[in-house]
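Within every chain, numbering begins at 1; the chains are lettered A, B, ... in the order of the sequence lines, protein sequences first and strands thereafter. Just so it is clear, the structure is predicted and the values come from calculations on it, not from any experiment.
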There are 2 protein chains.
Amino acid sequence: MASNSIKILEENGLSKTEVRKKVLNLFIDSACALSLSDIEAAFSKIDRITLYRTLKTFENKGIIHKAVDGTNHPKYAICEASCSEHKHEDDHAHFHCLSCGKTVCFEHVPNPAIPELLNGYVVEEATLILSGTCKECLVQKKSRISITETLE
Amino acid sequence: MASNSIKILEENGLSKTEVRKKVLNLFIDSACALSLSDIEAAFSKIDRITLYRTLKTFENKGIIHKAVDGTNHPKYAICEASCSEHKHEDDHAHFHCLSCGKTVCFEHVPNPAIPELLNGYVVEEATLILSGTCKECLVQKKSRISITETLE
DNA sequence: GAGTTTTTTGCAACAGTATTGCATTATAAA
DNA sequence: TTTATAATGCAATACTGTTGCAAAAAACTC
């Protein structure tokens, strides 16, 4: 797994530094999108400023993409191999859980096809944000309801 | 027009203060969504902290809604009359212009219908963000191209 | 492997964004 | 008019994001 992050860095012509390997491994292993503070919390000592730069570098290279979730708090997730420095191809919806606050990529849900011209506006991209309750919180809600019913 | 903002404040059980009337008039008159700094720039002297509170109050009452545009910078726009304290009904897409940075409501473009259950996730809301070039920037681009062609 | 060049990091400094508390002011109600 | 309630202005603080520079690390060259 560690060799995967090294390979990605090599393929993108980036230096294989400790910070970059750690951050990239975190993204590779993560089931949901990560904010800067998520990453900070995952390591006991990491320079916040370097993190900003690392995230920007990774995004520019097409390694990670912005996971827009409607909260206005930036989160990023690992890209698919097809993304590159010249063209992000993260054409899928993101799901934001209103319970736990996690944001996940819904790769199987493509962003809607929209006419390129709408009322005189040129539409270059459409981004879909879904929000609701994730399966983990659903399970918790269900077990909470069961306990409540038992108490009654 | 001023009496319209007073009416909205009355209907929502809010005090009709100077700040609120000015801010609400700005929203009523604006063709695009407004950020806090947009509002600050529109008045020579207005307390930024009060602005934060005012926007939050208006949003909570269903007077304005968040115009999510993918930039992670909060913007708000006036709601339709159907929105209320208990339920926002701003079920339309927003368009963000990559040229000028403006964000407008596309009331005629509804957010897509999505199944309520997707892969074990309960989807309560879908939000569509469109980005590209607005008509005003298109016009400018066209006139710029014309000038360039003339120079060649 | 050593030396040189390039890239990245750590840190200071700063700018921008957002929230809380409290006294004062303004608005609404009696 | 007086009283009660809501809103504002301000200080203080926390959080988020950017820039510059020297030092450290990584990459390159011989």
Side-chain angles (χ1 to χ4, degrees), chain A residues 2-3 5-27 33-61 63-64 66-76 85 101 103, chain B residues 2-3 5-27 33-61 63-64 66-76 85 101 103:
Chain A
S3 58
S5 59
I6 290 172
K7 190 174 162 226
I8 290 170
L9 292 170
E10 281 176 342
E11 285 172 352
N12 284 282
L14 293 174
S15 303
K16 299 178 293 286
T17 63
E18 276 310 303
V19 172
R20 286 177 173 173
K21 283 185 281 185
K22 285 161 86 173
V23 171
L24 194 43
N25 280 331
L26 201 59
F27 274 109
L34 301 169
S35 66
L36 189 133
S37 48
D38 292 333
I39 302 168
E40 257 187 314
F43 302 112
S44 55
K45 190 166 161 38
I46 193 160
D47 184 61
R48 182 174 63 99
I49 316 313
T50 299
L51 270 190
Y52 279 114
R53 290 199 178 108
T54 302
L55 293 183
K56 177 63 49 182
T57 300
F58 284 176
E59 189 196 355
N60 289 343
K61 286 288 186 180
I63 299 171
I64 61 174
K66 277 182 190 162
V68 178
D69 65 0
T71 64
N72 288 322
H73 295 303
K75 294 194 187 92
Y76 296 89
E85 186 171 8
T103 296
Chain B
S3 57
S5 58
I6 290 173
K7 190 175 161 223
I8 291 171
L9 293 172
E10 282 175 340
E11 287 173 347
N12 284 281
L14 294 174
S15 303
K16 300 177 292 284
T17 63
E18 276 309 301
V19 171
R20 286 178 173 171
K21 284 185 280 188
K22 286 162 87 175
V23 171
L24 195 42
N25 280 331
L26 201 60
F27 274 108
L34 301 169
S35 66
L36 189 134
S37 48
D38 293 333
I39 301 168
E40 254 186 318
F43 303 112
S44 55
K45 189 172 169 25
I46 194 161
D47 183 63
R48 186 168 59 95
I49 316 311
T50 299
L51 270 190
Y52 278 116
R53 289 199 179 107
T54 302
L55 294 183
K56 176 66 47 185
T57 301
F58 282 177
E59 187 196 359
N60 289 343
K61 288 287 188 181
I63 298 172
I64 59 174
K66 279 182 186 160
V68 178
D69 65 0
T71 64
N72 288 323
H73 296 303
K75 292 194 189 91
Y76 297 89
E85 186 169 7
T103 295

d([atom1], [X]; [atom2], [N]) in whole Å:
{"X": "E10(A)", "N": "dA26(D)", "atom1": "CD", "atom2": "P", "answer": "13 Å"}
{"X": "K16(B)", "N": "dT5(D)", "atom1": "NZ", "atom2": "C1'", "answer": "14 Å"}
{"X": "L51(A)", "N": "dT18(D)", "atom1": "CG", "atom2": "P", "answer": "13 Å"}
{"X": "K66(A)", "N": "dT16(D)", "atom1": "NZ", "atom2": "C1'", "answer": "14 Å"}
{"X": "I6(B)", "N": "dT27(C)", "atom1": "CD1", "atom2": "P", "answer": "11 Å"}
{"X": "E18(B)", "N": "dA26(C)", "atom1": "CD", "atom2": "P", "answer": "10 Å"}
{"X": "N12(A)", "N": "dT8(C)", "atom1": "CG", "atom2": "C1'", "answer": "16 Å"}
{"X": "L14(B)", "N": "dT5(D)", "atom1": "CG", "atom2": "P", "answer": "17 Å"}

Give every donor-acceptor pair under 3.5 Å between a side-chain atom in residues 36-43 of chain A and any protein atom, sequence neighbours left out.
| residue | atom | partner | partner atom | Å |
| --- | --- | --- | --- | --- |
| S37(A) | OG | S35(A) | OG | 3.2 |
| D38(A) | OD1 | S35(A) | OG | 3.4 |
| D38(A) | OD2 | S35(A) | N | 2.7 |
| D38(A) | OD2 | S35(A) | OG | 3.0 |

Give the intermediate values and the outcome of salt bridge (charged side-chain N to carboxylate O under 4.0 Å, His left out) for residues K7(B) and E10(B). CA-CA 5 Å; K7(B) 190 175 161 223; E10(B) 282 175 340; over 6 Å; no
T17(A) side chain near dT9(C) phosphate (N/O to OP1/OP2, under 4.0 Å): yes
For E59(A), is there an ion pair with K56(A) - N to carboxylate O distance below 4.0 angstrom?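 Salt bridge flag = yes for E59(A) with K56(A).
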Check L14(B), I6(B), L9(B), V19(B) against L24(B) for a side chain to side chain contact (heavy atoms under 4.5 Å, CB included) and give me the one that passes. L9(B)
Side chain of S15(A), backbone of T17(A): donor and acceptor closer than 3.5 Å? no
Could you encode protein contacts along nucleotides 11-21 of chain C as a string, one character per nucleotide from 5' to 3', using B for base contact, S for sugar-phosphate-only contact and - for no contact, with a heavy-atom cut-off of under 4.0 Å? BB----BBBBB
The side chain to side chain donor-acceptor pair (under 3.5 Å) partners of N72(A) (sequence neighbours excluded) come to none
Counting any heavy atom closer than 4.0 Å, what does T54(B) reach on the DNA or RNA strands: base, sugar-phosphate only, or nothing?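 Here T54(B) touches the backbone only, sparing every base.
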